[in-house]
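Comments concern the structure below.
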Amino acid sequence: MALTKSILKLSESEVVVKIAGAGGSATIDLQTDLLCATQALEATQTVTITGVRLSGELAQVVTIKRNNVTVLTLPTDTADYIAFDGQEMPPENTQATSDIVVEQSFGSGSVELYIKLRKVSGYAPKIETAA
């Protein structure tokens with residue numbers, strides 16, 4: 001069973017993605033996966049990570065990378081929620097214009113990762129307001 005991606009929430013400014021399964025990797029594409037029907041793409045999409053929650057079988061490790069740069073390494077043995085919402089930690093913006101790649105980098109048991117994302121720029125509304 002490979003990692004699969006599900007979009008749990010998709011709004012004009014926020015997205016929640018679930019990555020679950022065992023083994024392999026899954027990519028969150030900033031241009032296709034995060035685009036609402038009411039939005040159009042602008043020049044460059046910028047998306048920050050505002051929270052992550054990991055659970056799964058013991059002794060598993062999930063790695064989040066952007067542009068081949070490791071952003072987070074998350075072991076299931078210490079599964080918890082990490083908030084990058086500005087209260088204690090600012091939004092995680094490493095390589096914020098690159099797609100997000102989630103890899104199960106250690107172990108072969110099942111894992112569940114929830115990633116909360118904020119669309120910072122690059123998504124324009126299709127609806128024009130009356131002047």
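For this chain, numbers begin at 1 and follow the sequence in order.
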**Prompt:** Given the rule in the side chain to side chain contact (heavy atoms under 4.5 Å, CB included) test, do Leu30 and Arg66 qualify, once you have shown the distances and angles that lead to the verdict?
**Reply:** CA-CA 11 Å; Leu30 302 188; Arg66 296 183 94 169; 3.9 Å; yes

Where is the tightest heavy-atom contact between [X] and [Y], given as atom of each residue plus distance?
{"X": "Gly86", "Y": "Pro91", "value": "N-CD, 4.4 Å"}
{"X": "Ile7", "Y": "Asp33", "value": "CD1-O, 4.0 Å"}
{"X": "Gln60", "Y": "Gly109", "value": "OE1-N, 2.8 Å"}
{"X": "Cys36", "Y": "Leu10", "value": "SG-CG, 3.8 Å"}
{"X": "Asn67", "Y": "Ser98", "value": "CB-OG, 3.3 Å"}

**Asked** Which value, rounded to the nearest 0.5 Å, describes the distance between Tyr123 atom OH and Leu34 atom CG?
**Response**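 With rounding to 0.5 Å, OH (Tyr123) is 4.5 Å from CG (Leu34).
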
**Request:** To the nearest 0.5 Å, tell me how far Leu74 CG sits from Asp77 CG.
**Result:**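 Those atoms lie 12.0 Å apart.
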
So, [X] versus [Y]: side-chain donor-acceptor pair below 3.5 Å or not?
{"X": "Gln39", "Y": "Lys119", "answer": "yes"}
{"X": "Glu92", "Y": "Thr94", "answer": "yes"}
{"X": "Gln104", "Y": "Ser25", "answer": "no"}
{"X": "Glu103", "Y": "Thr63", "answer": "no"}
{"X": "Thr46", "Y": "Ser121", "answer": "yes"}

**Asked** Should we say atom CZ of Phe106 is surrounded by more than 12 heavy atoms from elsewhere, each under 6.0 Å from it?
**Response**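 Count not over threshold, so no.
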
**Request:** Step through the shown structure and confirm whether more than 12 heavy atoms of other residues, nucleotides or ligands are within 6.0 Å of NZ on Lys5.
**Result:**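 Yes - once you tally the heavy atoms of other residues, nucleotides and ligands closer than 6.0 Å, there are more than 12.
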
Has the side chain of [X] got a donor or acceptor atom that lies under 3.5 Å from a matching backbone atom of [Y]?
{"X": "Thr76", "Y": "Glu57", "value": "yes"}
{"X": "Gln45", "Y": "Gln31", "value": "no"}
{"X": "Lys18", "Y": "Leu113", "value": "no"}
{"X": "Asp85", "Y": "Thr50", "value": "no"}
{"X": "Asp29", "Y": "Thr32", "value": "yes"}

**Request:** Evaluate the criterion side chain to side chain contact (heavy atoms under 4.5 Å, CB included) for residue pair Tyr81 and Leu54; output intermediate values, then yes/no.
**Result:** CA-CA 7 Å; Tyr81 182 72; Leu54 177 68; over 6 Å; no

**Message:** I'd like to know if Glu14 pairs up with Lys116 as an ion pair, taking the criterion as any Lys NZ or Arg NE/NH1/NH2 lying under 4.0 Å from an Asp or Glu carboxylate oxygen.
**Reply:**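 Yes, charged N to carboxylate O under 4.0 Å.
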
